[in-house]
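Basis for what follows: all heavy atoms, side chains included, without hydrogens, waters or symmetry-related copies. Every value quoted in this text rests on a predicted model; they were computed, and no experiment measured them.
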Amino acid sequence: MAIHLTKESKILVQGMTGGEGMKHTRRMLAAGTNVVGGVNPRKAGRTMDFNDRPVPVFGSVTEGVDATGADVTVVFVPPAFTKAAVTEAADAGIGLAVVITEGVPVHDSVAFLAHARRRGTRVIGPNCPGLISPGQSVAGIIPADITKPGRIGLVSKSGTLTYQLMYELRDIGFSTCVGIGGDPVVGTTHIDCLAAFQDDPDTDLIVLIGEIGGDAEERAAAYIRDHVTKPVVGYIAGFTAPEGRTMGHAGAIVSGSSGTARAKQQALEAAGVRVGRTPTETARQVLAVLDAGA
């Protein structure tokens with residue numbers, strides 16, 4: 001099994017005919033992802049060829065869903081059009097919208113996330129790398145060749161750290177890796193993924209990657225304490241970040257002691273989570289937990 005994305009998922013790509021959309025559609029197809037169509041109202045009716053794999057372009061998400069039965073969309077449209085794209089996908093009955101776009105205005109994110117929630121559409125992102133269930137499917141920009149199928153679940157705010165932990169633990173492998181994005185407002189949280197991994201019989205251990213700023217990791221720690229029985233290993237990016245500085249992601253800002261890496265580490269450790277100081281140390285912690293349970 002996996003969470004949110006499997007080999008059965010049928011994927012539309014909104015913005016497939018643009019440069020980034022074409023590049024990553026080609027990579028998704030090469031990884032075995034079932035991309036069933038793209039969406040571009042100005043190029044409806046055309047067929048795009050990806051290494052001899054023809055993919056039709058539809059004029060709307062609804063047309064694509066009606067023609068293919070698509071249940072996932074990956075959004076590569078510019079920030080100004082992201083709200084409309086996600087709203088359209090939700091109205092078309094798409095179950096999962098993966099929003100790769102960076103720089104989406106926060107008020108737009110708040111609006112389309114509320115609309116998607118009312119429609120029953122899960123959103124991952126915005127400003128995220130997407131997710132991968134190795135050996136089954138990729139929705140987004142996560143490289144498919146740096147790990148293999150396994151029994152670790154990973155949820156991360158950081159795309160780069162997602163890739164690093166996938167590579168560090170490539171010999172063990174993953175059930176699903178989810179990059180939830182680092183914006184102040186995102187559609188899927190650490191807690192959402194923790195709950196899904198807890199319920200997934202093919203996930204034995206969970207890796208949680210957070211970063212300075214906000215209280216998402218502290219809230220995740222409280223959830224782990226009360227609801228998660230599987231071992232969790234964590235890493236917090238930003239131990240050396242100066243106070244009051246924005247570090248990379250829009251949500252990563254520290255005020256006083258609130259939101260510091262140390263405060264998050266303490267909250268997670270109090271919930272029984274092993275927390276590494278570096279990605280490599282975090283990977284070693286995972287191996288130690290798995291060895292202890294062998």
Can you check side-chain contact (heavy atoms from CB on, under 4.5 Å) on L5 and Q136, steps first, answer last? CA-CA 8 Å; L5 187 74; Q136 297 193 60; over 6 Å; no
side-chain contact (heavy atoms from CB on, under 4.5 Å) between V74 and H24, intermediate numbers included: CA-CA 10 Å; V74 183; H24 290 292; over 6 Å; no
For [X] and [Y], indicate whether the former's side chain and the latter's backbone hold a donor-acceptor pair under 3.5 Å.
X: K264; Y: G213; value: yes
X: R170; Y: Y167; value: yes
X: N34; Y: K10; value: no
X: T33; Y: V35; value: no
X: E88; Y: V61; value: yes

Should [X] and [Y] count as side-chain neighbours, where that means a heavy-atom distance under 4.5 Å?
X: L113; Y: V185; answer: yes
X: R219; Y: I191; answer: yes
X: I172; Y: V286; answer: no
X: H190; Y: K157; answer: yes
X: T121; Y: F112; answer: no
X: L12; Y: V65; answer: yes
X: H4; Y: T176; answer: no
X: V233; Y: V289; answer: yes

Interatomic spacing from [atom1] in [X] to [atom2] in [Y] - rounded to 0.5 Å:
X: F81; Y: T87; atom1: CZ; atom2: OG1; answer: 14.0 Å
X: E281; Y: E168; atom1: CD; atom2: CD; answer: 11.5 Å
X: N127; Y: D183; atom1: CG; atom2: CG; answer: 4.5 Å
X: D199; Y: I3; atom1: CG; atom2: CD1; answer: 10.0 Å
X: E8; Y: S137; atom1: CD; atom2: OG; answer: 10.0 Å
X: L165; Y: T160; atom1: CG; atom2: OG1; answer: 11.5 Å

Which pair of non-hydrogen atoms, one from [X] and one from [Y], has the smallest distance, and what is that distance?
X: L169; Y: T147; answer: O-OG1, 4.3 Å
X: C128; Y: I180; answer: CB-C, 3.8 Å
X: T101; Y: P78; answer: CG2-C, 3.9 Å
X: R26; Y: D49; answer: NH2-O, 4.4 Å
X: Y163; Y: I146; answer: O-CD1, 3.6 Å
X: S175; Y: F197; answer: OG-CE2, 3.8 Å

Identify whether [X] and [Y] are in the same connected component of the hydrophobic contact network (ILVMFWY, side-chain heavy atoms under 4.5 Å).
X: I124; Y: V75; value: no
X: I132; Y: V178; value: yes
X: V186; Y: L161; value: no
X: V98; Y: M166; value: yes
X: I94; Y: V55; value: no

Is the shortest distance from a Lys or Arg side-chain nitrogen in E20 or K23 to a carboxylate oxygen in the other one below 4.0 Å? yes
Pairing of D202 and R151 as salt bridge, 4.0 angstrom limit: yes
Within a reach of under 6.0 Å around [atom1] of [X], are more than 12 heavy atoms found that belong to other residues, nucleotides or ligands?
X: F50; atom1: CZ; result: yes
X: E102; atom1: CD; result: no
X: K7; atom1: NZ; result: no

Exactly one candidate in T73, T82, N40 meets side-chain hydrogen bond (donor to acceptor under 3.5 Å, both in side chains) with Q14; the answer is T73
What pairs with H115 under ring pair (Phe, Tyr, Trp, His ring centres under 6.0 Å), at least two apart in sequence or on another chain? none
Assess whether side-chain contact (heavy atoms from CB on, under 4.5 Å) is satisfied between V57 and K43, documenting all intermediate values. CA-CA 7 Å; V57 181; K43 298 184 179 181; 4.3 Å; yes
Please evaluate residues D91 and T62 with respect to the criterion side-chain contact (heavy atoms from CB on, under 4.5 Å), reporting the C-alpha separation (whole Å), side-chain torsions for both, the decisive distance (0.1 Å), and the verdict. CA-CA 8 Å; D91 288 341; T62 296; over 6 Å; no
